[in-house]
**Q** 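Provided herewith is a single structure, encoded as structure tokens, for subsequent inquiry.
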Amino acid sequence: MASKQDSITATKSFEARLLEAERWRLALMAMCMLLFAGVWELRRTFNDKVASEESVFYPIITILAVGFVVYAIGFADASRRISRQVGFPKWRAYASVVVDLGVPFGCLLVA
């Protein structure tokens, strides 16, 4: 019988799966940033009223580019942690939430 301190989330197998899921999440979010930037560029190309404004276009593209770079760095870090069999740090979970919510809200604030 397992003791009260044994937890399925404390195992190495769980952390490895968590890192693999995190890597997939980061890749998908990076692709979303690229898709959003592409759609924003198309809107500008077709003379959309909001996307054609210089004061809106460049801040949105900058926010998306910074978000993409952060996701790419996170992906590289998750891949490194998987190959070295290092655990998932707690600060990464908080940073993920900040970036996941900060990029869309930043774009909404600008537009």
Side-chain angles (χ1 to χ4, degrees):
M1 184 173 182
S3 68
K4 288 183 180 179
Q5 293 181 353
D6 291 342
S7 172
I8 193 169
T9 60
T11 63
K12 288 284 186 187
S13 173
F14 181 82
E15 286 204 21
R17 288 187 183 116
L18 178 67
L19 279 169
E20 191 64 36
E22 175 69 3
R23 191 166 69 166
W24 270 99
R25 187 191 68 78
L26 290 166
L28 290 172
M29 290 299 288
M31 292 302 117
C32 286
M33 293 297 117
L34 286 177
L35 180 67
F36 188 6
V39 168
W40 194 252
E41 184 61 42
L42 278 174
R43 287 179 64 180
R44 180 181 169 94
T45 302
F46 291 116
N47 293 324
D48 180 62
K49 196 172 199 176
V50 176
S52 294
E53 283 291 322
E54 299 290 323
S55 62
V56 176
F57 178 76
Y58 291 113
I60 295 284
I61 292 297
T62 302
I63 291 169
L64 293 173
V66 168
F68 179 80
V69 168
V70 170
Y71 287 129
I73 291 170
F75 184 86
D77 180 57
S79 298
R80 182 186 60 83
R81 288 178 183 279
I82 289 170
S83 67
R84 292 186 181 177
Q85 297 179 348
V86 180
F88 187 77
K90 196 173 208 176
W91 65 268
R92 279 286 302 268
Y94 297 125
S96 294
V97 171
V98 169
V99 175
D100 287 351
L101 295 176
V103 171
F105 283 135
C107 290
L108 285 172
L109 284 173
V110 171

**Q** Could you grab the distance from atom CG of Leu28 to atom CG of Leu35, nearest 0.5 Å is fine?
**A**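 So the gap between those two atoms works out to 12.0 Å.
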**Q** Does a donor on one side chain and an acceptor on the other come within less than 3.5 Å for Arg92 and Ser96?
**A**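 No pair is found: no donor N or O on one side chain lies under 3.5 Å from an acceptor on the other.
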**Q** Would you say Arg80 has more than 12 foreign heavy atoms packed within less than 6.0 Å of its CZ?
**A**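 Yes, CZ of Arg80 has more than 12 neighbouring heavy atoms, counting only those of other groups under 6.0 Å.
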**Q** Mind checking the CD1-CG spacing from Ile73 to Leu26? Nearest 0.5 Å is all I need.
**A**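 Output value for this atom pair is 11.0 Å.
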**Q** Run the side-chain contact (heavy atoms from CB on, under 4.5 Å) check on Trp40 and Val56 step by step: do they pass?
**A** CA-CA 11 Å; Trp40 194 252; Val56 176; 3.8 Å; yes
**Q** Any link between Phe105 and Leu64 through a network of hydrophobic side chains (Ile, Leu, Val, Met, Phe, Trp, Tyr) touching at under 4.5 Å?
**A**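 No; Leu64 is not reachable from Phe105 via cluster members.
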**Q** Does any part of the side chain of Asp100, heavy atoms only, come nearer than 4.5 Å to the side chain of Tyr71, both counted from C-beta?
**A**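 In contact.
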**Q** Cation-pi between Arg44 and Tyr58: NZ/CZ under 6.0 Å from ring centre and within 45° of the ring axis?
**A**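 Cation-pi check for Arg44 and Tyr58: passes.
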**Q** Under 4.5 Å between side-chain heavy atoms, hopping through other hydrophobics if needed: is there a path connecting Ile61 to Val50?
**A**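 Result: yes, single cluster for both.
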**Q** Rounded to the nearest 0.5 Å, what's the gap from CZ on Arg23 to CZ on Arg81? Could you check?
**A**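 That separation rounds to 13.5 Å.
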**Q** Evaluate the criterion side-chain contact (heavy atoms from CB on, under 4.5 Å) for residue pair Phe36 and Cys32; output intermediate values, then yes/no.
**A** CA-CA 6 Å; Phe36 188 6; Cys32 286; over 6 Å; no
**Q** Return the CD1 to CG distance between Ile60 and Leu109, rounded to the nearest 0.5 Å.
**A**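 Ile60 CD1 to Leu109 CG: 9.0 Å, rounded to 0.5 Å.
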**Q** Are Val99 and Val110 grouped together when hydrophobic residues (ILVMFWY) are joined by side-chain heavy atoms under 4.5 angstrom apart?
**A**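 Same cluster.
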**Q** Is there a continuous path of hydrophobic side-chain contacts, each under 4.5 Å between heavy atoms, that joins Val103 to Phe75?
**A**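 Yes, Val103 and Phe75 fall within the same hydrophobic cluster.
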**Q** Do Arg25 and Glu22 sit within salt-bridge range, that is, some charged N less than 4.0 Å from a carboxylate O?
**A**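 Counted as a salt bridge, because a side-chain N and a carboxylate O are separated by less than 4.0 Å.
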**Q** If you count heavy atoms of other groups shown closer than 6.0 angstrom to CD of Glu54, is the number above 12?
**A**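 Enclosed: over 12 neighbouring heavy atoms sit under 6.0 Å from CD of Glu54.
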